[in-house]
There are 2 protein chains.
Amino acid sequence: MEDKIEIFKALSDKSRLLILDMLSCGELCACDIIKGLDLTQPTISHHMKILKSSGLVNGHKKGKWMIYSINEEVVNEVLDFIKHITTYKEECICNRVKKNSCCDK
Amino acid sequence: MEDKIEIFKALSDKSRLLILDMLSCGELCACDIIKGLDLTQPTISHHMKILKSSGLVNGHKKGKWMIYSINEEVVNEVLDFIKHITTYKEECICNRVKKNSCCDK
DNA sequence: CCATTATATTAGTATATATGAATATTAGAA
DNA sequence: TTCTAATATTCATATATACTAATATAATGG
C-alpha cells in the first residue's frame with residue numbers, strides 16, 4: 001500500500017500530470033519536457049525524480065540525455081488498486097466494524 | 001484537472017485509503033469508521049472532509065449520525081483520467097515539444 | 001429546558017513538499 | 001585536457017498537510 005501512496009503523491013501535482021501527458025505519446029528527453037513546461041531545469045529534475053521513484057516513469061541515460069517514458073505496468077497496477085479498494089470484497093475491515101455498530105444506518 | 005489533483009491528494013494518505021476500503025462494502029457512519037482506525041475523532045473528521053470535498057465520498061446526515069459512502073461515479077472518472085493522460089492521443093503537448101527536439105532519442 | 005451523544009471546527013505544532021538560485025556532475029566535442 | 005551542454009544536487013524559503021487538545025455545534029432523549 002505504501003508504494004501506491006507514493007504513486008498518488010506523484011500524481012498530486014499539476015506539473016507532473018502534464019509531464020505524464022507529454023510522455024503518453026512516447027519517450028522524451030528531459031530537455032523536451034523542460035520546453036513544454038514553464039519551470040526551471042532543477043524543478044523539472046526534481047519532478048522527474050519523484051515520478052521515477054514512484055515507478056510511474058522509467059528513465060535511462062543515452063549519451064548526455066536522460067530519456068523518460070511511462071511505465072505502463074505500474075499504471076495498470078494503480079488502476080487495479082483503485083478498483084480493488086473501492087469495490088465490494090468479502091474480506092474487509094468493514095465487516096469487523098459493522099458488527100456492534102452504533103447506528104443502524 | 002485541478003479536481004483530479006484534489007482526488008489524488010485525497011488518495012495520498014494511508015488512513016484515507018483504509019477508509020475507502022472500509023466503505024467499499026457499503027455505507028458506514030463516522031462512528032464505525034473511527035472504530036476501524038487508531039485515530040482520534042477530530043482526525044477522522046478531517047479526513048472525511050477531505051474525502052468529501054474531493055468528491056470520492058458522499059455524506060448525508062441521518063439523525064445525529066453522518067453516513068458516508070463511496071461515490072462510484074467519481075471513482076470511474078479518476079480511472080478514466082489516469083487512462084487518458086497515460087495513453088496515446090493525437091492532440092497533446094508532446095507533439096509541440098518533439099519538433100526541434102534537442103536529441104533524437 | 002438540560003444532559004448526552006455524534007460530529008465538526010479551531011488553534012497550535014511538526015513534518016513534508018514545491019520552487020528557484022547556486023553549484024556539482026556527467027558526457028560529448030574541440 | 002578544456003569547453004560546452006544536459007542533468008542532478010544542495011540550500012533556503014514558502015506553503016500545505018496531519019495530528020491532537022480543546023471547544024463548538026447539532027440532534028436526540030429525559
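Lettering follows sequence order; numbering is per chain, from 1. Only this structure's heavy atoms are used, side chains among them; waters, hydrogens and symmetry mates stay out.
The aromatic rings of A/Phe8 and B/Phe8 lie parallel to each other, their planes meeting at an angle below 30°, with 60° marking the opposite boundary.
In this structure, the nucleotide among D/dA18, D/dT9, D/dC19 sitting nearest to the side chain of B/Arg16 is D/dA18. Side-chain proximity of B/Ser15 to the nucleotides D/dA26, D/dC19, D/dA8 is greatest for D/dC19. When distances run from any side-chain atom of A/Leu39 to the nucleotides C/dG20, D/dT7, D/dA18, the shortest one goes to C/dG20. The side chain of B/Met66 approaches C/dA8 more closely than any other nucleotide in the set D/dA27, C/dA8, C/dA27. In this structure, of D/dT9, C/dA8, D/dT20, it is D/dT20 that holds the atom nearest to the side chain of B/Thr43. You'll find that the side chain of A/Lys61 is closest to C/dT26, out of D/dT9, C/dT7, C/dT26. Proximity note for A/Pro42 (side chain, C-beta onward) versus C/dA21, D/dA6, C/dT9: the nearest is C/dA21. Here the side chain of B/His47 is nearest to one of D/dC19, D/dT9, C/dA8, namely D/dC19. For B/Lys9, taking side-chain heavy atoms from C-beta onward, the closest of the listed nucleotides D/dA27, D/dT17, D/dA8 is D/dT17. Residue A/Ala30 places its side chain closer to D/dT7 than to any other of D/dT7, C/dT7, C/dA27.
The 5' end of DNA chain C is approached more closely, in terms of each residue's nearest nucleotide, by A/Ser12 than by the other of A/Gly63 and A/Ser12.
Here D/dT17 presents its P atom at 12 Å from NZ of B/Lys49, a figure rounded to the nearest Å. For the pair B/His46 NE2 and C/dA6 C1', the interatomic distance rounds to 19 Å; values are reported in whole Å. In this structure, A/Trp65 places its CH2 atom 8 Å from C1' of C/dG28, rounding to the nearest Å. As rounded to whole Å, 9 Å separates atom P of C/dA8 from atom CD1 of B/Ile34. For the pair A/Lys62 NZ and C/dT26 C1', the interatomic distance rounds to 17 Å; values are reported in whole Å. Atoms CE (A/Met48) and P (C/dA18) sit 14 Å apart, rounded to a whole Å. Note: CG (B/Asp13) to P (D/dA16) measures 18 Å, nearest angstrom. Whole-Å rounding puts the B/Leu28 CG to C/dT7 C1' distance at 15 Å.
The base of D/dA8 is paired with the side chain of A/Gln41 by a donor and an acceptor separated by under 3.5 Å.
The distance from atom NE2 of A/His60 to atom CD of A/Glu27, rounded to the nearest 0.5 Å, is 5.5 Å. Between A/Leu28 atom CG and A/Met48 atom CE the span is 8.5 Å, to the nearest 0.5 Å. Separation of atoms NZ (B/Lys49) and OG (B/Ser54) is listed at 13.5 Å; rounding is to 0.5 Å.
The backbone N or O of B/His84 sits less than 3.5 Å from a side-chain atom of B/Lys89, completing a donor-acceptor pair.
The number of heavy-atom neighbours closer than 6.0 Å to CG of B/Asp80, taken from other residues, nucleotides and ligands shown, is above 12.
Across all strands, A/Ile50 comes closer than 4.0 Å only to sugar-phosphate atoms, never to a base (heavy-atom distances).
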